[in-house]
Student: 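I have a structure I would like to understand better, so I am pasting it below and will then ask my questions one at a time.
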Amino acid sequence: MSRITLDRWEAAQTAEFGHHQDLRLEAYITATNVIAKYFDIDYKKDFKDKVIVQVGAGPRGSILSTEGNFKRGLIVEPLIDRWPSDIREDYEKVGIEIIAAPYEDLDIDEQVDETWFFNVVQHVFDPKEQLELAKKTSKVIRVFEPIGTGTDTAHPHYITKETFTDVLGNFGQIFKGGTEDGFFSCDCYYGTWNESDNV
């Protein structure tokens with residue numbers, strides 16, 4: 001797997017933008033709730049003293065479900081300003097900072113408690129580069145990512161379990177696609193990587 005060019009990344013971003021036309025929270029809340037179930041987390045209670053970064057949050061990222069109950073919350077979302085302004089406003093009204101640039105370029109001035117990758121790594125410049133950056137900057141990394149699906153304009157990378165385990169070790173398990181209504185029909189790799197497990 002190699003880093004894609006800027007032109008290829010921009011084409012992927014534009015194609016992915018086309019997939020997000022129903023911008024209602026209801027269109028995204030099922031995924032947010034299923035992720036919470038598999039991680040056994042309570043968005044409103046579990047992150048109040050934490051610095052959280054959600055990579056590729058989309059128009060209605062799971063971080064919105066914290067309702068701002070964090071120490072610091074950031075999303076990395078290059079498409080943010082292509083959506084109507086109320087999408088940005090909904091993040092900002094609960095105190096979420098927005099970085100409208102690729103995660104690979106992130107320069108954060110403090111230790112991140114948790115970095116979240118929920119259905120994003122197929123769309124990026126370099127999945128392993130992102131995971132390496134998260135490993136350097138984060139105490140915890142949460143992953144819930146489709147694996148084994150084909151590539152297309154919006155999805156330039158073919159992702160497997162090894163995409164994650166080659167960088168972070170074998171910290172997760174396989175979600176069987178189609179087992180949760182309204183969620184992924186494809187298999188996913190999911191789990192929580194802890195810095196303390198990998199010292």
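Keep in mind the model is a prediction, meaning the values are calculated, not measured. Numbers here are sequence positions counted from 1.
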Student: CD of Glu104 to CG of Asp126: how many Å apart, nearest 0.5 Å?
Tutor: 6.5 Å
Student: Relative to the ring of Tyr28, is the ring of His20 parallel (under 30°), tilted (30 to 60°) or perpendicular (over 60°)?
Tutor: parallel
Student: Does CG in Asp152 sit with more than 12 non-hydrogen atoms of other residues, nucleotides or ligands closer than 6.0 Å?
Tutor: yes
Student: Between the side chains of Gln122 and Thr149, does any donor sit under 3.5 Å from an acceptor?
Tutor: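 Looking only at side-chain atoms, Thr149 and Gln122 do form a donor-acceptor pair, the distance falling under 3.5 Å.
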Student: For Asp22, does the CG atom sit with more than 12 other heavy atoms under 6.0 Å from it, leaving out its own atoms?
Tutor: yes
Student: Decide whether a cation-pi geometry holds between Arg142 and Phe117; the criteria are a distance under 6.0 Å from NZ or CZ to the six-membered ring centre and an angle within 45° of the ring axis.
Tutor: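 Negative - Arg142 is either too far from the ring of Phe117 or too far off its axis.
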Student: Salt-bridged, Arg72 to Glu110, with N to O below 4.0 Å?
Tutor: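 Glu110 and Arg72: salt-bridged.
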Student: Would you compute the distance between atom CG of Asn119 and atom SG of Cys188 and round it to the nearest 0.5 angstrom?
Tutor: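 These two atoms lie 7.5 Å from each other.
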Student: Tell me, do Val140 and Thr192 make a side-chain contact under 4.5 Å, heavy atoms counted?
Tutor: yes
Student: Val143 pairs by side chain to side chain contact (heavy atoms under 4.5 Å, CB included) with which of Trp193, Tyr190, Phe171?
Tutor: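 Only one option passes, and that is Phe171.
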Student: State the CD-CG distance between Glu114 and Asn194, to the nearest 0.5 angstrom.
Tutor: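 If we round to the nearest 0.5 Å, Glu114:CD and Asn194:CG are 8.5 Å apart.
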Student: Under a 3.5 Å cutoff, is there a donor and acceptor pairing between the side chains of Thr14 and Arg82?
Tutor: yes
Student: Just verifying a value: how many Å separate Ile87 CD1 and Glu92 CD, rounded to the nearest 0.5 Å?
Tutor: 12.0 Å
Student: Between Thr66 (side chain only) and Ile63 (backbone N and O only), is there a donor and an acceptor less than 3.5 Å apart?
Tutor: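 Checked: pair present.
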Student: Answer yes when Glu67 and Lys44 have at least one side-chain N-carboxylate O distance shorter than 4.0 Å, and no when they do not.
Tutor: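 The answer is yes: the pair qualifies as a salt bridge.
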Student: Determine whether Asp90 and Arg60 satisfy the following criterion, salt bridge (charged side-chain N to carboxylate O under 4.0 Å, His left out), listing intermediate values before the conclusion.
Tutor: CA-CA 9 Å; Asp90 285 348; Arg60 302 289 181 190; 2.5 Å; yes
Student: Distance only, no hydrogens: is a donor on one side chain within 3.5 Å (strictly under) of an acceptor on the other, for Tyr38 and Glu180?
Tutor: yes
Student: Residues two or more places apart in sequence or in another chain: which of them pass salt bridge (charged side-chain N to carboxylate O under 4.0 Å, His left out) with Asp81?
Tutor: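 Salt bridge (charged side-chain N to carboxylate O under 4.0 Å, His left out) list for Asp81, sorted by chain: Arg88.
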Student: Centres of the Trp116 and Phe47 rings: under 6.0 Å?
Tutor: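 When the ring centroids of Trp116 and Phe47 are compared, they turn out to be within the sub-6.0 Å range.
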Student: I'd like to know if the side chain of His123 and the backbone of Ala12 have a donor-acceptor N/O pair within less than 3.5 Å.
Tutor: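 Looks like no, no N/O pair under 3.5 Å.
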Student: Could you give the distance from CD (Glu162) to CD1 (Ile147), rounded to the nearest 0.5 Å?
Tutor: 8.0 Å
Student: Do Lys139 and Asp113 meet the salt-bridge criterion of a basic N to acidic O distance under 4.0 Å?
Tutor: yes
